[in-house]
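Source: prediction; values computed, not measured. Every chain is numbered from 1 and lettered A, B, ... according to where its sequence line falls, protein lines coming before strand lines.
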Amino acid sequence: MYSEKVMDHFSKPRNVGEIKDADGVGTVGNPVCGDLMTMYIKVKDNKLVDVKFKTFGCGAAIATSSMTTELAIGKTIEEALKISRAEVAENLGGLPPIKMHCSNLAADALHEAIKDYQKKQKAKP
Amino acid sequence: MDNGAGMPLDSRVFEAMKQYFMDDYGNPSSSHSFGNAAKSAIETAREKVAQLISAEKPQEIIFTSGGTESNNLAIKGVAYRNRAKGNHIITTAIEHMSVINICKYLQKEGFEVTYVPVDKQGVVDLKKLKAAINEKTILISVMYANGEIGTIQPINEIGQLAKENNVLFHVDAVAAAGKVPINVQEQNIDLLSVSSNDMYGPKGVGALYIKKGTKIVPIIQGGGQESGLRSGTENIPGIVGMGKAAELAQSEMESESKRLIGLRDNLIKGVLDKIPYSFLNGHPTARLPNNANLRFSYIEGESLILGLDMYGIQVSSGSACTSKTLQPSHVLMAIGLPHEQAHGSLVFTLGKQTTQEDVDYVLELLPDVVKRLRALSPLTPKELLR
């Protein structure tokens, strides 16, 4: 059902965990639906120097989270905001159609984390 | 350990079927000797299936294309036949989708259906079932055992209740037949559905027991085969295979169920001992010998399936993420599990080929798979990860 790339990211997920002093945190999904993910970002000179995740969900949810962190690290804020669900799925060699909507939330979580960072920046004196 | 979804064919069953594909290909409706051989093969199979469920006469068995058709024939057949008498059907919230969807269809046709709830262990609420019976009730349909959570229903009590109230009683025994003793006469069962491939027989064959004197209408019209209740040329190899499967199931039931119960309980106890925040779904003792449904907090079932599959362990799940509808199993919802708990459930269905070594292998690997997924999950409490 899943591509080799998905299984690779599921079995050896990259960048798992929390960032204690994260500059932004974003959570999307809901355990009721079966998918919940949190992204943590660390920003330096407008670049994402570190991204980590924690995910409750199916194989696709875990693999998309892992792939999103790989795509995001090293990108500027502007570039990272352009990472889309479709791009994540494409880099994983595609997802089963039924998983495209429900379990492909990691890009959204990343964008939420960036928004959180931007809000905090604005609040700074 | 996913025998619930599809069981392998027993090689002895295949041996019995073989000659009916190429050599004895007669049509039982023909009068010549070729046809007679086919006819007698069907009648032998009918006897074997009748014996498995202690039916009074082989003629009470009608062969169908499987459990789903048997449920359709039983429920629609009774409903349409008894429309003048009443329009009320009683069933439970945890029936197989074939029963639930037939009932939903009949509701659109003007029938009233009561879905009786079950308790936390999946046992039907007898008081509510009794209270649901009214003068319009024509049928009670309750599964013998649930293939997902394993719980066996109080069939004797329900049969008694149906008899006292002069209501027909249908039992979907697809998950139970061949695994636990069934006696349709003593248990006051009027109609009972069984499937061949749930007892190591071929797919595409099933049977419906219809107690002598019970009037139903056919749902497939045609040449009048199977006493007019199921037209269409008989699937001779399939029927022969089902007969053989029924015979083997009956002769091996006592020893095999004892063996499976031992393995099942080792698996359940091992998991509950080794893995914190793991729970058993369904009834601890009134359950199918081959079923263990376990649930793990903070993680999701499909990722568990994938995690185990990497080690060659096949299981299934009640999680929404493994279903086409994206809804968690209606059975797990009916036993009162919150969504996030239902998502983390795994079904182990043991079979003839399952050994203690297999159980040990699961017990060796599952704790690590659970631990790894919990380490990924934002829901896992920190103290559990230390």
If you draw a 6.0 Å radius around [atom1] in [X], do more than 12 non-hydrogen atoms from other residues or ligands fall strictly inside?
| X | atom1 | value |
| --- | --- | --- |
| A:E78 | CD | yes |
| A:K42 | NZ | yes |
| B:Y277 | OH | no |
| A:K120 | NZ | yes |
| B:Q107 | CD | yes |
| B:F279 | CZ | yes |

Quick one: closest heavy-atom pair of [X] and [Y], and the distance?
| X | Y | answer |
| --- | --- | --- |
| A:K54 | B:S377 | CD-O, 3.9 Å |
| A:C58 | B:E300 | CA-OE1, 2.9 Å |
| A:G57 | B:S303 | O-OG, 3.1 Å |
| B:Y298 | A:F56 | O-CD1, 3.1 Å |
| A:P13 | B:R372 | CD-NH1, 3.7 Å |

- Residue B:L376 versus chain A: region with a heavy atom under 4.5 Å: both

- Highest number of heavy-atom pairs under 4.5 Å with chain B: which of A:N30, A:T38, A:T27, A:L36? A:L36

- Could you grab the distance from atom CG of B:L379 to atom OG1 of A:T55, nearest 0.5 Å is fine? 10.0 Å

- Output the distance between atom CG (B:D309) and atom CZ (A:F10), rounded to the nearest 0.5 Å. 9.5 Å

